[in-house]
Structure formats: C-alpha cells, structure tokens
Amino acid sequence: MQTSDSIVIIPTYNEKENIENIIRAVFGLEKCFHILIVEDNSPDGTSDIVRKLQAEFPERLFMIERKGKLGLGTAYIAGFKWAIQHQYDYIFEMDADFSHNPNDLPRLYKACHDEGADVAIGSRYISGVNVVNWPMGRVLMSYFASKYVRFITGIPVHDTTAGFKCYKRRVLETIPLDNIRFKGYAFQIEMKFTAYKCGFKVVEVPVIFVNRELGTSKMNSSIFGEAVFGVIRLKWDSWFKSYPKNK
C-alpha cells in the first residue's frame, strides 16, 4: 500500500476530457499524493472513468458520488470531512482542468510541511499577473475583485479567490465547516478569511494559472456576483462573531 500524508480533493462535473489525465499527472509526481474525487453526478460519464482508474490505483484514488450539482463549496466541505476522518495531514484543493499545474503541488506542500504555513495558496497575483489564455476582461475582473476583497476584509492575501490550496488538517478541524455559508467562488474567500481570523498563518506561493483547453468553464456572473457582494456580509458578520483560535 502506498501511504501518504497528503490528499488532493478534485470536484468534478462533466470533466471526462480531463479527469484521467489530471489523475495520472498527480500520480506521476515524485511525492506520493492520494486523490479524492467529489463527483456531482456528471451526465458525461466522468464517474465511470474514475471507477475504471480506481481498479488501477485501488489504494490511492477515492471518490464521493453525490446526487447532483450541489455547488463547489459543498463539494469541498464533503471532501474536507472525508479527509479529516481518514487522518490526512495535508489537504489540497485543485481543479480538474489543468488550470492548476500538478507540478505545483509539491511547492504548496513544502510551504506547509517545511516552511511553517498553515494554509498555502497557489497565487496568480503575488508576483504580477500570472494568467495564461484568459480574455483580458476576465483577467481584470478577477484581479480587481481580489483587490476589492483585500480592501474590504483586510486579509493580507493578493489572490483571495484562488482555488488552488493546501491546508494543514488542524486548520480544517478548527474551522466550523458546517457554518461556511457560501457555495460558489465566495467559498474560497470565506475559507481564507476564516482561517486568517482564526489566527492561522496564510502564505501565497506564486503559480501560473492556465485557462482550460478542454471542457466547459463553470464560472458565470452569478457565481462572481456572490464573491463580490458576499464579501460585505462576510466583513459585517465578522464584527459580531467570535472565531475559534489556532492553538
């Protein structure tokens, strides 16, 4: 059995073009990672591909199958709870579409395992704007949304909406996961903000984000709107609530 202290959570919905390649890319790394697919009943047969690969990687590849498309945030919460239950020390978020480079996983791991971070963020904006093949309008929208979130919340993070991250398990054990309210991309903001308010060390690791080549993006204006307008509520609520503290 190939044991690992690390698990990569990949939510999927209609990712048949990417899922096998991303799984093989992660398993091809020198460091051993396990993978948990959180699959939202994709009509394109994504789950069938994963099941086939589970026969090849029976002790490294796992899958949670849900009844439908229930939102990115709930997918990750389900994955976090599974990973905590199975005692992984380092828990990663990553997209299936290669916008997040699997080769950066060891760098995020190193930031937490060797360099003292509690949360390591694969950041598009810590060293300029490192985005490839995005329309300029979307680049500007994402960049200035992160600036806006940083201004409103005071969180010292440049890429506040990033979805490529590594958490130490104790961060996810400390955060009340059932109280995380957002389901779309605001989920990413809320998790970073909550980890910061709990007193955890959050660092950014520069990465290059590459727009997907295969499959269809799940981003839309309502998801983005939640991220922008939900921030005000997040900050407002923070004035009246107490956060569990990092011990």
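What you see is a predicted model; the values in this text were computed from it and never measured.
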Partner of Phe62 under ring-ring contact (aromatic ring centres under 6.0 Å, His included), chosen from Phe57, Tyr88, Trp82:
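With Phe62 as partner, ring-ring contact (aromatic ring centres under 6.0 Å, His included) holds for just one option, Trp82.
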
Atom [atom1] of [X] and atom [atom2] of [Y]: how far apart are they, to the nearest 0.5 Å?
X	Y	atom1	atom2	result
Thr194	Leu177	OG1	CG	9.5 Å
Tyr167	Asp118	OH	CG	12.0 Å
Leu172	Ile91	CG	CD1	5.0 Å
Arg60	Leu53	CZ	CG	12.0 Å
Phe92	Leu108	CZ	CG	6.0 Å
Leu61	Arg51	CG	CZ	11.5 Å

Taking [X] for the side chain and [Y] for the main chain, is one N or O donor matched with an acceptor at less than 3.5 Å?
X	Y	result
Thr12	Glu15	no
Thr160	Ile189	no
Glu173	Ile84	no
Asp40	Leu70	yes
Arg107	Pro206	yes
Asp44	Thr46	yes
Lys192	Gln188	yes
Glu93	Val8	no
Arg66	Thr74	yes
Asn14	Ser42	no

Residue pair [X] / [Y]: nearest heavy atoms and the distance that separates them:
X	Y	answer
Cys198	Ile175	SG-CG1, 4.5 Å
Pro244	Thr174	CG-O, 3.3 Å
Ile155	Arg150	O-CG, 3.3 Å
Ile19	Ile49	CG2-CG2, 3.7 Å
Pro11	Ala96	O-CB, 4.4 Å
Val203	Ala117	CG2-CB, 3.4 Å

Between Glu190 and Lys197 (salt bridge meaning N to carboxylate O under 4.0 Å), is one present in this structure?
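Result for this pair is no, no salt bridge flagged.
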
Does the distance from a Lys or Arg side-chain N to an Asp or Glu carboxylate O, for Lys31 and Asp5, drop under 4.0 Å?
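The answer is yes: the pair qualifies as a salt bridge.
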
What I'd like to find out is whether the side chain of [X] reaches to under 4.5 Å of the side chain of [Y], using heavy atoms alone.
X	Y	answer
Asp89	Ser6	no
Lys201	Val119	no
Val26	Leu105	yes
Phe33	Ile7	no
Arg170	Phe200	yes
Val202	Ile121	yes
Pro43	Tyr13	yes
Phe164	Asp95	no

Would the number of heavy atoms belonging to other residues, nucleotides or ligands and lying under 6.0 Å from [atom1] of [X] be above 12?
X	atom1	value
Lys110	NZ	no
Lys168	NZ	yes
Ile208	CD1	no

Dump the intermediate steps for side chain to side chain contact (heavy atoms under 4.5 Å, CB included) on Leu36 and Ile10, then the final yes or no.
CA-CA 6 Å; Leu36 173 64; Ile10 304 177; over 6 Å; no

Show your reasoning for whether side chain to side chain contact (heavy atoms under 4.5 Å, CB included) applies to Arg181 and Asp237.
CA-CA 12 Å; Arg181 71 164 63 91; Asp237 288 351; 2.5 Å; yes

Decide whether Tyr109 and Asp114 meet the rule of one side-chain donor and one side-chain acceptor closer than 3.5 Å.
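Per modelled atom types, Tyr109 and Asp114 side chains form no pair under 3.5 Å.
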
Go through the steps for Lys52 and Asp48 under the test salt bridge (charged side-chain N to carboxylate O under 4.0 Å, His left out), then give the verdict.
CA-CA 6 Å; Lys52 180 192 73 174; Asp48 295 332; over 6 Å; no

For side chain to side chain contact (heavy atoms under 4.5 Å, CB included), just list the numbers for Phe187 and Ile77, CA-CA rounded to whole Å, side-chain angles, deciding distance to a tenth of an Å, and then say yes or no.
CA-CA 10 Å; Phe187 165 80; Ile77 295 295; 3.8 Å; yes

Going through the distances and angles, do Arg24 and Glu20 end up as a salt bridge (charged side-chain N to carboxylate O under 4.0 Å, His left out)?
CA-CA 6 Å; Arg24 292 192 183 279; Glu20 179 168 357; 3.0 Å; yes

Check for me whether Lys245 meets the cation-pi criterion with Tyr243, that is, NZ or CZ under 6.0 Å from the six-membered ring centre and within 45 degrees of the ring axis.
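Not satisfied by the 6.0 Å and 45° rule.
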
Would Arg169 count as a cation-pi partner of Tyr90, with NZ or CZ less than 6.0 Å from the six-membered ring centre and within 45° of the ring normal?
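Arg169 over Tyr90 ring: no.
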
Walk me through whether Tyr76 and Val38 qualify under side chain to side chain contact (heavy atoms under 4.5 Å, CB included).
CA-CA 8 Å; Tyr76 275 126; Val38 184; over 6 Å; no

According to the interplanar angle, ranging from 0 to 90°, do the rings of His100 and Phe209 count as parallel (below 30°), tilted (30 to 60°) or perpendicular (above 60°)?
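Because their plane-to-plane angle is over 60°, the rings of His100 and Phe209 count as perpendicular.
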
Is there a side chain to side chain donor-acceptor pair (under 3.5 Å) between Arg124 and Ser99 once you walk through the steps?
CA-CA 11 Å; Arg124 298 164 289 187; Ser99 56; over 6 Å; no

